[in-house]
Amino acid sequence: MKEIVQALQAKFNGAIKEVTEFRGETTLLVETKSIVEICRTLKDDHGFNYCVEICGADRFTEEERFEVIYNLTNLDKHWRIRLKVRVEEDNPVVPSVTSVWRGANWHERETYDMYGVRFEGHPDLRRMYMPEDFEYYPLRKDFPLIGVPGSIPLPEFDKRAPNKAQGERYNRGEQI
């Protein structure tokens with residue numbers, strides 16, 4: 001893995017901000033604008049043919065609040081590498097890597113739906129789990145644990161349900 005990291009550092013001068021090794025896993029913190037080309041190089045030149053996962057993280061910091069994490073695997077050699085990019089809260093935009101791995105489509109949509117990170121160039125960036133008009137992102141750390149009262153109507157309660165009255169109050173927008 002050390003040779004791959006050195007090759008990336010030589011090719012992308014300054015785009016690799018940090019290299020971390022922990023329990024045999026390598027993580028590279030890279031510049032957001034270089035993520036597509038770094039991913040393409042990892043796939044084409046080093047055989048990382050499987051984008052296992054792309055997910056978000058809310059660091060809840062003043063600067064570079066959100067992180068997008070890419071877990072990649074070379075299935076032939078059983079190598080794993082993790083890439084991270086960081087974005088600001090007021091403009092959470094990352095270039096899409098769907099041109100490198102088609103499977104990134106689903107992961108980027110899920111990250112957008114849960115954290116609000118937009119993937120520039122994504123072919124169909126829309127919400128997956130939440131309604132299109134839902135204005136919140138449930139995995140952000142400032143999202144209320146009980147949800148936003150009145151924002152999404154809950155399904156009808158079974159008449160035998162003991163908390164029916166509380167559900168009706170929630171649907172009216174009351175704090176319960």
Side-chain angles (χ1 to χ4, degrees), residues 17-18 20 22-23 25-36 38-39 50-73 80-176:
K17 299 168 156 181
E18 183 181 301
T20 309
F22 182 71
R23 296 190 178 181
E25 294 195 4
T26 303
T27 303
L28 306 178
L29 178 62
V30 303
E31 282 187 356
T32 303
K33 67 181 180 184
S34 302
I35 188 67
V36 175
I38 290 172
C39 286
Y50 182 43
C51 176
V52 178
E53 172 185 46
I54 299 172
C55 61
D58 184 352
R59 302 171 62 236
F60 209 57
T61 55
E62 293 284 326
E63 296 179 5
E64 298 180 325
R65 177 177 171 179
F66 298 108
E67 202 164 65
V68 179
I69 303 155
Y70 305 77
N71 289 306
L72 311 175
T73 298
R80 295 175 53 95
I81 193 166
R82 180 178 302 113
L83 304 178
K84 292 182 176 182
V85 298
R86 292 183 178 156
V87 292
E88 299 292 338
E89 178 179 3
D90 59 348
N91 188 26
V93 178
V94 175
S96 172
V97 296
T98 54
S99 64
V100 181
W101 298 284
R102 286 179 36 191
N105 184 321
W106 182 273
H107 303 299
E108 288 180 351
R109 281 185 60 195
E110 191 172 42
T111 302
Y112 164 68
D113 196 16
M114 295 292 112
Y115 291 96
V117 175
R118 294 184 308 279
F119 291 87
E120 195 169 52
H122 189 282
D124 186 23
L125 192 62
R126 57 190 160 96
R127 300 197 88 146
M128 295 181 73
Y129 308 116
M130 307 308 292
E132 280 296 324
D133 59 346
F134 192 64
E135 59 188 280
Y136 307 98
Y137 301 99
L139 290 184
R140 287 185 177 188
K141 288 187 176 176
D142 54 359
F143 187 81
L145 290 177
I146 61 166
V148 178
S151 61
I152 297 178
L154 297 175
E156 288 294 320
F157 277 89
D158 186 318
K159 294 190 184 315
R160 296 168 292 180
N163 296 326
K164 179 180 178 190
Q166 288 181 350
E168 290 171 348
R169 286 180 36 221
Y170 176 89
N171 284 341
R172 286 193 303 266
E174 294 179 30
Q175 196 71 255
I176 53 173

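Residue numbers run from 1 in the order of the sequence given.
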If you look at every heavy atom in [X] and [Y], which pair is closest and at what distance?
X: L29; Y: R86; answer: CD2-NH1, 3.7 Å
X: V87; Y: P92; answer: CG2-CA, 3.9 Å
X: V97; Y: A104; answer: CG2-CB, 3.7 Å
X: C39; Y: L83; answer: SG-CD1, 3.8 Å
X: V36; Y: P95; answer: CG2-CB, 3.6 Å

Salt bridge (Lys or Arg N to Asp or Glu O under 4.0 Å) involving R65 - partner list, sequence neighbours excluded: D58, E89, D142

By salt bridge (Lys or Arg N to Asp or Glu O under 4.0 Å) - contacts of R127 (at least two apart): D113

Counting C-beta onward and ignoring hydrogens, is there a side-chain heavy-atom pair between [X] and [Y] closer than 4.5 Å?
X: M128; Y: Y112; value: no
X: P123; Y: T98; value: yes
X: Y70; Y: V94; value: yes

Salt bridge flag under 4.0 Å for residues E132 and R126: no

Gap separating the [atom1] atom of [X] from the [atom2] atom of [Y], nearest 0.5 angstrom:
X: E53; Y: L72; atom1: CD; atom2: CG; result: 10.5 Å
X: F66; Y: T111; atom1: CZ; atom2: OG1; result: 11.5 Å
X: R140; Y: F60; atom1: CZ; atom2: CZ; result: 10.5 Å
X: H107; Y: S96; atom1: NE2; atom2: OG; result: 12.0 Å
X: K84; Y: I35; atom1: NZ; atom2: CD1; result: 12.5 Å
X: L125; Y: R109; atom1: CG; atom2: CZ; result: 8.0 Å

[X], [atom1] atom: more than 12 neighbouring heavy atoms under 6.0 Å:
X: K17; atom1: NZ; value: yes
X: R59; atom1: CZ; value: yes
X: E120; atom1: CD; value: no

Worked check of side chain to side chain contact (heavy atoms under 4.5 Å, CB included) between V117 and E108: CA-CA 8 Å; V117 175; E108 288 180 351; over 6 Å; no

Partner residues of T73 under the side-chain hydrogen bond (donor to acceptor under 3.5 Å, both in side chains) criterion, sequence neighbours left out: none

Pairing residues for N105 by the side-chain hydrogen bond (donor to acceptor under 3.5 Å, both in side chains) criterion, not counting sequence neighbours: H122

F119 vs V68, side chain to side chain contact (heavy atoms under 4.5 Å, CB included): CA-CA, chis, key distance, verdict: CA-CA 10 Å; F119 291 87; V68 179; 4.1 Å; yes

Those residues that, when tested against L139, pass side chain to side chain contact (heavy atoms under 4.5 Å, CB included) (two or more places apart): M114, Y115

Pairs meeting criterion ring pair (Phe, Tyr, Trp, His ring centres under 6.0 Å) with involvement of residues 130-152, two or more places apart: F134-Y136

